[in-house]
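In what follows, a structure is listed as structure tokens, so that the remarks can point back to it.
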Amino acid sequence: MKVIKYVLMTMVTAVLVSCGTTNTVPITGRKQNLMVTDGEVLSLSTQQYQEFMKTAKLSTNQVNTAMVKRVGQNLATAVNSYLAQNGMSNDLQYYNWTFNLVQDNQVNAWCMPGGLICVYEGLLPVTQNEASLAIVLGHEIAHAVARHSAEQMSTQMKQQYGIQLGSMVAGALGMGTNTQSIVQAIVAQGFNFKNLKFSRDHENEADHMGLIFAAMAGYDPKVATDFWKRMAAQSNNQTAEFLSDHPSDATRINNIQGWMPEALKYYKPKTTTVSTKKATTTKKTTTKKTTKK
């Protein structure tokens with residue numbers, strides 16, 4: 001029996017460790033193991049984004065739409081420049097930065113792999129200004145740059161292997177069908193809780209990276225604290241943090257304050273170009289001549 005357990009656990013280890021490729025997340029330097037390629041994920045996300053946009057209603061507010069696209073593009077330009085300057089130029093082929101504002105009162109925004117981003121109109125009364133919008137878009141862009149969706153998919157694949165191998169262990173130990181089902185349910189539930197914590201880790205990482213991306217793009221990262229306080233004030237979510245896939249408001253704000261010194265190192269305020277061209281209407285001056293007698 002011990003031999004069986006050892007062999008099966010060795011199989012689990014071999015499957016989970018040998019599969020996939022190791023990647024390093026920009027900014028944080030965290031290592032991740034991915035079992036899906038950027039091309040595979042981008043193809044799937046592009047299809048899903050296009051399907052969503054077929055049913056979504058684009059905002060008719062031209063000013064707000066232009067703002068979302070402008071801020072988004074400023075961030076995308078800064079991120080592309082950072083990746084290129086840090087030896088990750090090859091990654092740029094997997095980003096198709098897209099920013100759309102849709103008619104929806106939800107206070108929300110999201111990003112699909114490849115930089116396909118959607119902002120809901122309901123978010124703008126909370127962001128209130130371009131810098132705070134940059135904090136949100138930086139957070140969403142960070143999810144794409146950190147390949148969080150690919151990592152979640154990879155984790156689910158590994159967990160499925162674990163469930164299947166767990167069933168093999170149960171069968172090898174002589175457990176009945178019902179007992180095996182219970183074991184699988186327990187394993188699956190354990191994985192669900194792990195996924196909740198895993199998602200909070202991703203949210204924290206996106207907060208960290210997004211704060212820096214906003215600063216790189218010339219937006220003051222210090223607005224993030226007040227923005228998340230406004231988000232907390234309008235939030236009705238009272239779920240305990242350990243049961244949520246997002247960090248609590250207090251945890252998020254505390255973390256952001258801790259990352260602020262790092263973000264400020266990247267912050268260079270945008271400069272406004274002042275035209276030196278003279279006005280078309282100029283005051284006519286006359287010179288009075290004096291004649292000597």
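With a 4.5 Å cut-off on side-chain heavy atoms, Ile27 and Phe213 count as touching. For the pair Thr46/Leu42, a side-chain contact is recorded, criterion being any heavy-atom separation below 4.5 Å from C-beta on. Residues Thr225 and Lys229 meet the side-chain proximity criterion, which asks for heavy atoms closer than 4.5 Å. Side chains of Met231 and Val126 form a contact here, defined as non-hydrogen atoms less than 4.5 Å apart. Lys69 places a side-chain heavy atom less than 4.5 Å from the side chain of Asn100. Within the 4.5 Å cutoff, side-chain heavy atoms of Pro26 are placed close to those of Leu83. A 4.5 Å side-chain heavy-atom check between Cys111 and His139 finds every atom pair outside the cut-off.
Atom-to-atom distance recorded for Thr28:OG1 and Asn204:CG is 11.5 Å, nearest 0.5 angstrom. One distance of note links OG of Ser45 with CG of Asp38; it measures 10.0 Å at 0.5 Å rounding. With values rounded to the nearest 0.5 angstrom, Ile141 atom CD1 is found 4.5 Å from Leu75 atom CG. Here Ile117 contributes atom CD1 and Tyr49 contributes atom OH; the two are 8.0 Å apart, rounded to the nearest 0.5 Å. The CZ atom of Arg147 sits 7.0 Å away from the CG atom of Leu34 when rounded to the nearest 0.5 Å. Atom CZ in Phe227 sits 6.5 Å away from atom OG1 in Thr127 (nearest 0.5 Å).
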### Task
May I have the step-by-step check of side chain to side chain contact (heavy atoms under 4.5 Å, CB included) for His143 and Met209, ending in yes or no?
CA-CA 9 Å; His143 280 307; Met209 295 172 64; over 6 Å; no
### Task
Evaluate the criterion side chain to side chain donor-acceptor pair (under 3.5 Å) for residue pair Arg200 and Thr251; output intermediate values, then yes/no.
CA-CA 11 Å; Arg200 286 201 302 274; Thr251 297; over 6 Å; no
### Task
Mind running side chain to side chain contact (heavy atoms under 4.5 Å, CB included) on Met53 and Leu58 for me, showing each step along the way?
CA-CA 8 Å; Met53 292 308 302; Leu58 291 173; 3.4 Å; yes
### Task
Quick one: do Trp259 and Ile212 satisfy side chain to side chain contact (heavy atoms under 4.5 Å, CB included)? Show the steps, please.
CA-CA 9 Å; Trp259 296 318; Ile212 292 175; over 6 Å; no
### Query
Between Gln50 and Leu116, does a side chain to side chain contact (heavy atoms under 4.5 Å, CB included) hold up when you go through it step by step?
CA-CA 10 Å; Gln50 291 174 345; Leu116 307 174; over 6 Å; no
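Sorted by first and then second residue, the pairs that involve residues 54-105 and meet ring pair (Phe, Tyr, Trp, His ring centres under 6.0 Å), not counting sequence neighbours, are Tyr95-Trp97.
In terms of heavy atoms, Val41 sits closest to Val36 at CG2-CG2, 3.6 Å. Considering all non-hydrogen atoms of both residues, Glu151 and Ala146 come closest at OE1-O, 4.4 Å.
Looking at Glu51 and Lys54, a side-chain N of the basic residue comes within less than 4.0 Å of a carboxylate O on the acidic one, giving a salt bridge.
In this view, Lys222 and Asp220 satisfy the salt bridge (Lys or Arg N to Asp or Glu O under 4.0 Å) rule, not counting sequence neighbours.
Residues His148 and Glu203 have side chains that never bring a donor and an acceptor to within less than 3.5 angstrom of each other.
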